[in-house]
Number of protein chains: 2
Amino acid sequence: MNRTTQTKRTTIYDLAELAGTSASAVSAVLNGNWKKRRISAKLAEKITKLAEEQGYALNMQASVLRRDRSKIIGMIVPKYDNRYFGSIVEQFEALARARGLFPIITCTMRDPALELEAARAMLSYQVDCLVATGATDPDRVMDLCAAAGVRTINLDLPGSHAPSVISDNYGGALELTRRVLANCEKEYGEKTPLLFVGGRGTDHNTMERVRGFRDAHAEAGVTVDEALVQTCGYAPEKAENAMRQLAERTSDLPRGMFVNSTISLEGVMRWIRRSGHYADRVPQLGCFDWDPFVAMLGDHIEMVRQDVPKMLDAVFGIIDSGATDITVVQIPPIVEKIG
Amino acid sequence: MNRTTQTKRTTIYDLAELAGTSASAVSAVLNGNWKKRRISAKLAEKITKLAEEQGYALNMQASVLRRDRSKIIGMIVPKYDNRYFGSIVEQFEALARARGLFPIITCTMRDPALELEAARAMLSYQVDCLVATGATDPDRVMDLCAAAGVRTINLDLPGSHAPSVISDNYGGALELTRRVLANCEKEYGEKTPLLFVGGRGTDHNTMERVRGFRDAHAEAGVTVDEALVQTCGYAPEKAENAMRQLAERTSDLPRGMFVNSTISLEGVMRWIRRSGHYADRVPQLGCFDWDPFVAMLGDHIEMVRQDVPKMLDAVFGIIDSGATDITVVQIPPIVEKIG
DNA sequence: AATTCTTGCTTCATCGATTGAGCAAGCATG
DNA sequence: CATGCTTGCTCAATCGATGAAGCAAGAATT
C-alpha cells in the first residue's frame, strides 16, 4: 500500500474503495456529520483509520466549490515594515484560525491599483469576508465586494460603504500634541508651534490627527504655523525631503514635531542626524505609532500606541454578529509612558 | 440588467447565455487561450465586454479543481515583529505575483505544532509549492509535503529534505564579532570575551553564528567564556531573563555582546536600561539583523543585515528552474556601516 | 401476518471551469 | 462533383466533495 511517489493525491473515492464503501459515506465521516447521516460508529472508525494511514488531505478547492460558504477570510494590508501592521496581521490570523476561518492576506504596498487587484483576486477565491486595512480607496474595494455579495470591514482607515474600526485619531493626536508642547515648554521655556510631518492630507486619519494637533495648540494658546503642516506622505524619503525643504526655507526650525507614523519618523530622524541642524539641541518629538527601539531613542520622544488587540476584537465582533450597518468604531490608543 | 443584490455570482454559463454562445467558448476567451481554440476575434471581444459589464469574476475553486497546477504558492513565516521577516514576506508576495502565482502566507508564531497545521492547511488548498521560512522543524514539514507531491524550499533555516536558501551565518557572525571585539578594544583598551545572547542552541543558524563568534575570538587571541554563551531563545523576555540571571552570578559583566536578533536585542536593551548595570559605560553591541531605529541608537551598535532581495531571488531561482536537489545556498549578509 | 418505523447505507446531481473530441459550414483542390 | 482541409464553434466528461433522495434489511407495532 506504500506508493513511493504519490502522483495522484488520495481522494474520498480511493478511501471508499479501500473501505469497501461509498464516497458519500467517507465524506460524511471525514467532515464530521456522520451521526446526522446515520453512519455506524464502526464504519466511521474504519474510515478514519484508513484516512490517517493513507495521509488523506481534504481537497479544499473541491469542498469550497460545493459548499455555500468558503470559510476563507481575506485581509489587505499596506506594508509589513512596522510593528503596527505586523501585529494587526498576527492578531488577525490568530483570531481567524480560532474561528475555523482560513486567513489570506495580501500586502498592497500602499498602491490603490494593487488594492483593487488584490481584492479581485480574493473574490475569485470566494472569501466570505474581506477586511481592508489602511486602504487608500476603501470605498472602491467595498463596492467591488458588495457587487459580489461579500461582506467587508474597514480597519485603520474608515470608509463610508461598510463598518469601520479605527483608532481615536483625534483624541490620540490631541494628547500627543499636548505632551510634546509641554515637553517643549519644560525644555526650552517657550511655547512655539510644532511641525506636523508625514501622512496623506487626504486620508481620514491624518486629517483627524491634524485636527487634534490644532486643538492642542489652541488649548495652549499657540497659533499653528500653516507652513509647518507637512502631510507629505508616509515613506521615509518623503518625510526626509519635507524636512530638507523646510530647512531651506527657514533658519528658525521648530522646537518640536508631531510625526505621523514610525515609518515617517525613520526619515525625520535620518534627516536630523545627517543635516546636523539640531546638533545643539534635540527637538521634542511625538510619534503616532509605537516601536520598541524608538522608545529607547531617548526621553525626548513621546509615542501613541494604537490598541491592536482591542481593534481586532472589534473587527471580529462585527464579523461574528453579522452586523452590516455602517458605523465607525473608535478605539482609544494608548499614550506610552516615556522610558 | 442591474441586480441590486446579486445573490448568485455570475458564471461562465450566465455569460454564455447572454452572449448566445457556449460556456466552453466563454472559458476559452476569458482564460486567454481562445486563439488556440480557434474562437473568432469578434466573439472574443463580445464575451470580454460582457464579462466586464457583468462584473464577472473567475471562480478559482472551480478552476483550480479542474487544472493540474493551482498556481498557489504558500509560505510559512515565524513572526511579523521585525523588519527581516517583514521584508521577506513583502518580497515573496511581489515576486510571486510577478510570476502569476497567488501567495498565501501563514504566521506560525515559532510554534512547531502550528507549522505542521499550517502546512497541512496549505496542502488542502493545493499549493504547488511551499516555502518554509525559519521553520523550527523544517524536515517534518518537508515530509508532509513530499507525501503529497508538493515541492518545498527552506528559507532562513536549512533542512535536509529540500533545497535551502540561508544567510552565510558563519561569515556574518565572524565579521560582526570581529567588529564588536575591535570596538571593545578601541573603547576600553582591552580584549575580553563577549556575551552571546539569543536564539536557540539547536537551530542551525544559531550554531553557525556561535561558531563564527568563537572563531573571531580565537583570531583575536581571546578565550571564549562558556558561561557567556546564552542561547536562551529569541523572545525579548527570554533575553532579558538571561541577562538578569547572568548579572546575579557575576559582578564583572561583559564589555560587549553579540545579540542574535533584533527581537532579542529588544530584551537586552530593556534590561540594560532598567537594571542600570551599564550606567557608567555602555557595552559594545553587535546585532545579527537590521533595524532602522537600532541604527540610530548610537555608534556602539554594529549590525548585520541579511540580504533579503538576494535570498528571495535565490528562492525563486530554484522554483523557476524546478531544481529539487538538496543544496544549501548561502547568501552573504551585509555588515552595516555605523551611523 | 401485515404494516410502519428505524437503521445504515448508496446513488446521483451538483458546484463552475477546463479541455479533448467532434461536428457543420465554407473553401480549396484535383 | 467528390474529397479534404480550415475555421469556428459545441458537447460532454471531468476534477473531488457534498447532501438530498432513495432503497433494502431488520425491528417494532398493530
Side-chain angles (χ1 to χ4, degrees), chain A residues 6-47 51 54-72 102 123-126 128 148-149, chain B residues 6-47 51 54-72 102 123-126 128 148-149:
Chain A
Q6 194 165 15
T7 315
K8 297 286 282 170
R9 318 269 258 254
T10 308
T11 70
I12 53 169
Y13 296 94
D14 302 330
L15 294 178
E17 191 156 10
L18 286 169
T21 182
S22 71
S24 178
V26 174
S27 170
V29 168
L30 296 179
N31 69 25
N33 60 2
W34 53 279
K35 293 214 165 166
K36 231 171 296 172
R37 312 240 354 233
R38 296 190 313 224
I39 307 290
S40 65
K42 195 179 138 213
L43 181 56
E45 199 174 340
K46 183 178 180 185
I47 289 172
Q54 299 295 315
Y56 169 80
L58 177 64
N59 182 324
M60 275 295 178
Q61 309 306 347
S63 179
V64 167
L65 176 61
R66 196 63 203 356
R67 280 167 2 207
D68 50 341
R69 288 188 49 219
S70 70
K71 299 195 168 194
I72 302 176
F102 187 76
L123 291 179
S124 273
Y125 281 96
Q126 314 296 112
D128 285 336
Chain B
Q6 195 165 14
T7 314
K8 296 288 281 173
R9 319 266 258 253
T10 309
T11 70
I12 52 169
Y13 297 94
D14 302 330
L15 294 179
E17 191 155 9
L18 286 169
T21 181
S22 71
S24 177
V26 174
S27 170
V29 169
L30 296 179
N31 69 27
N33 61 2
W34 51 280
K35 294 214 166 166
K36 228 171 298 171
R37 298 199 49 125
R38 298 189 310 225
I39 306 290
S40 64
K42 196 179 137 213
L43 180 58
E45 199 174 339
K46 182 176 178 185
I47 289 173
Q54 299 294 314
Y56 169 80
L58 176 66
N59 182 324
M60 276 296 176
Q61 259 71 41
S63 179
V64 167
L65 177 60
R66 194 54 185 46
R67 280 166 3 205
D68 51 341
R69 288 188 49 220
S70 69
K71 299 193 168 197
I72 302 176
F102 187 77
L123 291 178
S124 272
Y125 282 95
Q126 312 297 111
D128 284 337

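Between A/S22 and C/dT11, a side-chain N or O to OP1/OP2 separation shorter than 4.0 Å is absent.
The closest side-chain heavy-atom distance from B/N59 to B/T11 is not below 4.5 Å. Taking 4.5 Å as the limit, every side-chain heavy atom of B/Y13 sits out of range of all side-chain heavy atoms of B/V26.
One atom, NZ of B/K36, and another, C1' of D/dT7, lie 18 Å apart when rounded to the nearest Å. Whole-Å rounding puts the B/D14 CG to C/dG16 P distance at 8 Å. D/dC23 atom P lies 14 Å from atom CZ of A/R38, rounded to whole Å. A straight line from CG of B/L43 to P of D/dT7 spans 16 Å, rounded to a whole angstrom. Rounded to whole Å, atom C1' of C/dG16 lies 15 Å from atom OH of A/Y125. Atom pair B/E17:CD and C/dA17:C1' shows a separation of 17 Å (rounding to whole Å applied).
Residues B/Q54 and B/T10 approach most closely at O-OG1, 3.7 Å, considering heavy atoms. The two atoms that bring A/R37 and A/S24 nearest to each other are NH2-OG, 3.2 Å, heavy atoms only. Minimum heavy-atom separation, B/I39 to B/A44: CG2-N, 4.3 Å. A pairwise comparison of heavy atoms in A/D128 and A/S70 identifies OD1-N, 3.1 Å as the closest pair. The heavy-atom pair separating B/A23 from B/A16 by the smallest distance is N-CB, 3.5 Å.
Annotation: the terminal axes of the helix from C/dA1-D/dT30 to C/dG30-D/dC1 meet at 60°, where each axis is the rotation carrying the C1' atoms of four end pairs onto the next four (5 pairs per end, rounded to 10°).
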Using a 4.0 Å heavy-atom cut-off to protein, can you give one letter per nucleotide of nucleotides 12-21 of chain D, 5' to 3': B if the base is in contact, S if only the sugar-phosphate is, - if neither? -BBBBBBBB-
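A distance of 9.0 Å separates NZ in B/K71 from CE in B/M60, rounded to the nearest 0.5 Å.
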